[in-house]
Amino acid sequence: MKIRLGMLAALAAGLLEGKVHTVKLQDHFAEVNGIKLHYVSAGKGPLILFLHGFPEFWYEWKNQLAEFGKDHLAVAPDMRGYNLSDKPSEVDQYKVPILVEDVYALAEKLGHKKKFILVAHDWGGAVAWAYAVAHPETLEKLVIINAPHPGVFARLLAQDPAQQKASQYMLMFRSPQAEKMLSANNYGGLVQGVLGPGLKSGAFTEEDKQEYIKAWSQPGALTGGLNYYRASQVGPPAAADAPKEGANSFGIDPGKLMVNVPTLVIWGEKDTALLTGNLDGLDKFVPQLTIKRIPDGTHWVIHEKPAEVNADIREFIQPVH
């Protein structure tokens with residue numbers, strides 16, 4: 001176990017009642033579901049677990065670890081295939097049911113079989129939706145940030161031209177050329193696509209950029225992340241005349257899509273990859289649904305609006321009576 005004391009500005013929990021509260025971030029490794037996962041934790045108390053998306057890693061949640069580590073055991077793993085966690089070579093090892101069981105085993109180990117709160121973004125959100133379908137009895141609440149529910153997303157991929165166009169990148173990510181294209185020029189495409197606007201606005205720092213490049217440069221890490229797309233075959237039909245069945249949404253059984261957990265969905269409405277149509281009809285699959293729209297947030301709203309995201313999560317998990 002290693003204690004992280006750097007990045008003080010990023011890791012300060014902020015001001016509360018006139019006092020500055022800071023938390024220590026601790027590195028750990030856990031053997032779960034046949035692999036070793038790296039995770040970072042803060043605080044103690046009931047478990048709140050954060051799942052990152054592509055192409056991020058635990059560091060996506062550094063502001064949330066600082067905030068929720070005040071009164072929870074806040075945990076953010078590097079998911080299977082990413083950064084310091086194990087990276088199985090077989091594509092089939094990245095199918096959603098296996099990823100779900102990674103989460104189940106980690107939560108069981110850390111939460112002592114008590115109900116916990118699950119917060120997730122992007123691919124982490126896809127896994128979290130599937131987790132909530134499979135293991136609702138283990139969850140107190142679910143928070144999803146810019147991650148489509150598989151039932152809604154499958155419909156959009158099959159029928160909605162705008163979402164089909166916005167999802168074309170998924171076909172490239174599944175291709176054999178993806179690693180070469182994304183790693184070219186010291187990961188220049190990923191830097192621009194993920195960090196570019198945020199580096200200009202201040203949402204990301206140069207230190208953040210170096211942390212991301214370091215994570216992407218871990219042997220096998222880029223392939224591990226891309227294997228999520230390859231294993232599920234997620235994406236729009238590969239050709240205009242392809243049958244509608246060619247559109248796929250995360251490889252989840254379409255007959256098992258109901259989420260019987262109180263759920264908050266936070267959505268940056270300027271997301272150009274996952275469009276706001278993903279909110280339409282969502283209540284049919286999630287009866288206990290709260291939606292918070294952030295009109296000027298993008299797919300990277302967690303980084304752009306950390307205080308607002310934290311406040312929305314806090315209000316949802318600890319409502320004022």
Side-chain angles (χ1 to χ4, degrees), residues 32-38 51-58 60 77-106 118 120-135 144 146-154 156-158 163-164 166-183 190 215-216 218-239 242-257 273-274 278:
V32 297
N33 200 24
I35 63 167
K36 183 171 68 175
L37 288 183
H38 168 255
L51 305 182
H52 67 81
F54 181 87
E56 303 200 73
F57 59 115
W58 76 264
E60 171 177 11
D78 288 328
M79 294 182 70
R80 171 186 296 246
Y82 284 88
N83 194 32
L84 302 181
S85 289
D86 280 353
K87 306 166 185 68
S89 58
E90 302 86 357
V91 171
D92 283 354
Q93 289 298 302
Y94 296 86
K95 287 183 178 293
V96 168
I98 294 175
L99 303 173
V100 165
E101 293 314 303
D102 288 351
V103 177
Y104 182 86
L106 182 62
L118 184 59
H121 172 242
D122 187 76
W123 252 110
V127 175
W129 282 124
Y131 183 95
V133 169
H135 301 293
I144 298 288
N146 283 69
H149 182 279
V152 178
F153 200 45
L156 294 178
L157 287 175
Q163 185 61 67
Q164 288 173 344
S167 298
Q168 288 299 309
Y169 71 92
M170 294 179 173
L171 301 179
M172 187 277 280
F173 283 180
R174 285 159 43 186
S175 75
Q177 296 78 34
E179 283 88 345
K180 183 176 180 180
M181 295 174 66
L182 294 176
S183 62
L190 285 179
W216 296 334
Q218 294 293 327
L222 187 53
T223 295
L226 291 168
N227 280 345
Y228 283 52
Y229 295 91
R230 292 164 177 157
S232 70
Q233 292 292 292
V234 65
K244 290 183 178 179
E245 305 83 73
N248 189 27
S249 181
F250 306 115
I252 299 171
D253 183 348
K256 299 178 180 179
L257 295 176
L274 300 171
N278 282 284

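It should be emphasised that the depicted structure is a prediction, and the values quoted were computed from it without experimental measurement. For reference, positions follow the sequence shown, starting with 1.
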Near-ring test W58/Y82, centroid separation under 6.0 angstrom | no
What are the two closest non-hydrogen atoms of V127 and V100, and how far apart are they?
-> O-CG2, 3.8 Å
Side chain of W129, backbone of G151: donor and acceptor closer than 3.5 Å?
-> no
Close side-chain approach of P236 to L171, heavy-atom, < 4.5 Å | yes
Would you say the side-chain atoms of Q168 pair up with the backbone N or O of G235, donor to acceptor, closer than 3.5 Å?
-> no
Which residues satisfy the side chain to side chain donor-acceptor pair (under 3.5 Å) test with E60, sequence neighbours excluded?
-> H121
Specify whether F173 and Y169 have parallel, tilted or perpendicular ring planes, treating 30° as the upper limit for parallel and 60° as the lower limit for perpendicular.
-> perpendicular
With sequence neighbours excluded, give me every salt bridge (Lys or Arg N to Asp or Glu O under 4.0 Å) pair touching residues 225-235.
-> E179-R230
Tell me, do L51 and Y131 make a side-chain contact under 4.5 Å, heavy atoms counted?
-> no
Residues F153, V234; criterion side chain to side chain contact (heavy atoms under 4.5 Å, CB included); working and verdict = CA-CA 10 Å; F153 200 45; V234 65; 4.2 Å; yes
Can you find a heavy atom in the side chain of I35 that is under 4.5 Å from one in the side chain of S85?
-> no
Show your reasoning for whether side chain to side chain contact (heavy atoms under 4.5 Å, CB included) applies to N146 and D122.
-> CA-CA 6 Å; N146 283 69; D122 187 76; over 6 Å; no
Residue pairs passing the salt bridge (Lys or Arg N to Asp or Glu O under 4.0 Å) test with at least one member in residues 78-97, sequence neighbours excluded, are R80-D102
Of the non-hydrogen atoms in A147 and G125, which two are nearest, and what is the gap between them?
-> CB-CA, 3.5 Å
With Y94 via ring pair (Phe, Tyr, Trp, His ring centres under 6.0 Å) - residues at least two apart | Y228
For Y229 and W123, run ring pair (Phe, Tyr, Trp, His ring centres under 6.0 Å): C-alpha distance rounded to whole Å, both residues' side-chain angles, the deciding distance at 0.1 Å, then the answer.
-> CA-CA 9 Å; Y229 295 91; W123 252 110; 5.7 Å; yes
Go through the steps for F57 and L84 under the test side chain to side chain contact (heavy atoms under 4.5 Å, CB included), then give the verdict.
-> CA-CA 9 Å; F57 59 115; L84 302 181; over 6 Å; no
Polar side-chain atom of Q164 near backbone of A158 as donor-acceptor pair, under 3.5 Å | yes
Do N227 and Q93 have a side chain donor and acceptor closer than 3.5 Å?
-> no
For the residue pair E56 and M79, establish whether any side-chain heavy-atom pair is separated by less than 4.5 Å.
-> no
Which atom names give the shortest non-hydrogen contact between L222 and L190, and what distance separates them?
-> CD1-CD1, 4.0 Å
Exceeds 12 heavy-atom contacts within 6.0 angstrom, atom CE of M172 = yes
Residues A273 and A166: closest non-hydrogen pair is O-CB, 3.7 Å
